[in-house]
Amino acid sequence: MPLEILLVLVGGGIGGITLLLHLTGKSRQRVLTPGSARSEWARHAPDDTVTDVTLTHDGHVALIRTPAGVGLLWAFGADTVARPLQDFDWLDHPRGVRIQFHDFGAPGVVIRLDDLERKHWRHLLETA
Amino acid sequence: MTDQLTFPDAVQWAVPFFIAAILAEFLWIAIKGRGGRYETRDAVTSLIMGAGNIASGFLLGFIAYGFFMWLWRIAPLDLGTSIPVIVLCFVLDDLRYYWVHRFGHRIRWVWASHVNHHSSQHYNLTTALRQTWTYTFTFMMVVRAPLILLGFHPAMVLFVGGLNLIYQFWIHTEAIGKMPRWFEAVMNTPSHHRAHHGRNARYLDCNYAGVFIIWDKLFGTFVPEQDDDRVDYGLVHNIGTFNPLRVAFHEWVAIWRDATQPGLSLRQRLAYCFAPPGYSHDGSRDGSDAIKAKHLARHPEDHGTPGFERFDKKMPNTQAKNA
Ligand SMILES: [Zn+2]
Ligand SMILES: [Zn+2]
């Protein structure tokens, strides 16, 4: 196959499918409830017992407490990703705080926080 | 011996078909309201991984091809290109695929390349195109050497390998439940391959087949998809990035970090490179056997069911009695 045609097909195909998915509402981020945050954590870490869940007001991030320590669960497209809050940094971010993991496959996440919850979350992260 | 032999590059010619099939699956899900899910960034990452896989073939394919042509010059046999020879080549290359794929899950060096195919939590036709960029660095081309030394021309071996990958495209779907029984018995199907993509303890290290599921039945790695254990797609430790560069290289980076940490013996460093995924020098990580054992401790009722047959029935029962 001539390279130009292959490039047009691949470029056009990726562009077209992206547009189609976005316009049909497939870019929405997962919104968690206390119950779904628990079951999602159990899915990622089946040996853990969740003792407490703190959700952000937008429902995209949850701080999870287990006897083994504190962890972060966050919306990842339509799904979720979970990491223990060990070996991480956090920085202030205009929209909340930014968590940086030292993990090439999960570099970090911006936790969006409104003014009411910002202080509480800072405290949670400082004591994590 | 014939040096100049051309077969069509099947994978490139299949690109229009891939695009049409993805649109068809998307429409099917939209109309029926079931049979899979799509997410924008997940799908785009998968498609870019597929494009990058073709590009890496352009850039690095000459290494494997040069190796194959060198083998061909020393090959004692030339089986020609008759139809029965091509069919035999396809079947034997599928056996080759089974073992490369099995190594891809049991040797971390090869897993570093293959992991990205499993890095999506989705399972749709775009997932099929989420392919590696770093296959050349696994040196798994050596597994094809016997075929070429047996007298199958390298161009034919690459051609049937392309057909194998194209076959595997359509099985990456939840829109098809089960195929007819005879077909499920012999061929790799959406159902069998869904199980292969599962991160559930039951489905770890099963169903490595490319085209024929018989290899898994022959070598003891077959686990049928269970109605009461829905497949949870993705990795035991799911990645948190849609960035194609991170998807392509994250496990290579992890190997580097593990193997170069201070205070390890040479043996431990090599194990971080070549032992099964989940190895750790201090026992802080779980491989698939430990994950299965822990699952059985939580769910003793799963003892002896598919995917757990190898585990001793007695031990956790004693635990259950003591509890
Ligand atoms: Zn695999
Ligand atoms: Zn697959």
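Nothing here was measured: the structure is a model prediction, and the numbers come from that model. A note on names: the letters A, B, ... follow the listed sequences, proteins ahead of strands, and every chain is numbered from 1.
Salt bridge status for A:D92 with A:R122: present, with a side-chain N to carboxylate O gap under 4.0 Å. Ion pairing between A:E40 and A:R30 holds under the 4.0 Å rule for side-chain N and carboxylate O. B:K292 has no carboxylate O lying under 4.0 Å from a charged side-chain N of B:D205, or vice versa, which leaves the two without a salt bridge.
No side-chain donor-acceptor contact under 3.5 Å links B:H118 to the backbone of B:H197. No donor-acceptor pair closer than 3.5 Å links the side chain of B:T173 to the backbone N or O of B:N124. Judged by distance alone, with hydrogens and angles left aside, the side-chain atoms of B:R194 form no donor-acceptor pair with the main-chain N or O of B:V231 at under 3.5 Å.
Interatomic distance, CZ of B:R37 versus CD of B:Q121, reported as 7.5 Å (0.5 Å rounding).
When each of A:L3, A:T18, A:V10 is checked for heavy-atom pairs under 4.5 Å with chain B, A:T18 comes out on top. By number of non-hydrogen pairs under 4.5 angstrom with chain B, the leading residue of A:K26, A:H44, A:H22 is A:K26. Looking only at heavy-atom pairs under 4.5 Å with chain B, the residue among A:A82, A:A78, A:A45, A:G13 that has the most is A:A78. Here B:N238 is the residue among B:V236, B:N238, B:I22, B:V247 with the most heavy-atom pairs under 4.5 Å with chain A. Annotation: maximal heavy-atom pairing with chain A below 4.5 Å, among B:K294, B:R298, B:R41, occurs at B:R298. When the candidates A:V109, A:L20, A:I5 are compared by the number of heavy-atom contacts under 4.5 Å with chain B, A:L20 comes out ahead. Interface summary for chain B: among A:G11, A:A106, A:P46, A:G12, the most heavy-atom pairs under 4.5 angstrom belong to A:P46. Of the residues considered (A:T80, A:D79, A:V81, A:I17), A:D79 shows the highest number of contacts with chain B, using heavy-atom pairs under 4.5 Å.
Both the backbone and the side chain of A:I14 come within less than 4.5 Å of a heavy atom of chain B. Only the side chain of B:F58 comes within less than 4.5 Å of a heavy atom in chain A; its backbone stays farther off. Heavy-atom distances place no part of B:I291 under 4.5 Å from chain A, backbone and side chain included. Using a 4.5 Å cut-off between heavy atoms, B:L245 touches chain A through its backbone atoms (N, CA, C, O) alone. Heavy atoms of A:R83 lying under 4.5 Å from chain B belong exclusively to its side chain. If you measure heavy-atom distances from B:F249 to chain A, the contacts under 4.5 Å come from both the backbone and the side chain.
Under the 6.0 Å cut-off for aromatic ring centres, A:W74 and A:F101 qualify, their centroids lying closer than that.
With respect to B:W109, the ring-ring contact (aromatic ring centres under 6.0 Å, His included) criterion is satisfied by exactly one of B:W252, B:Y279, B:Y272: B:W252.
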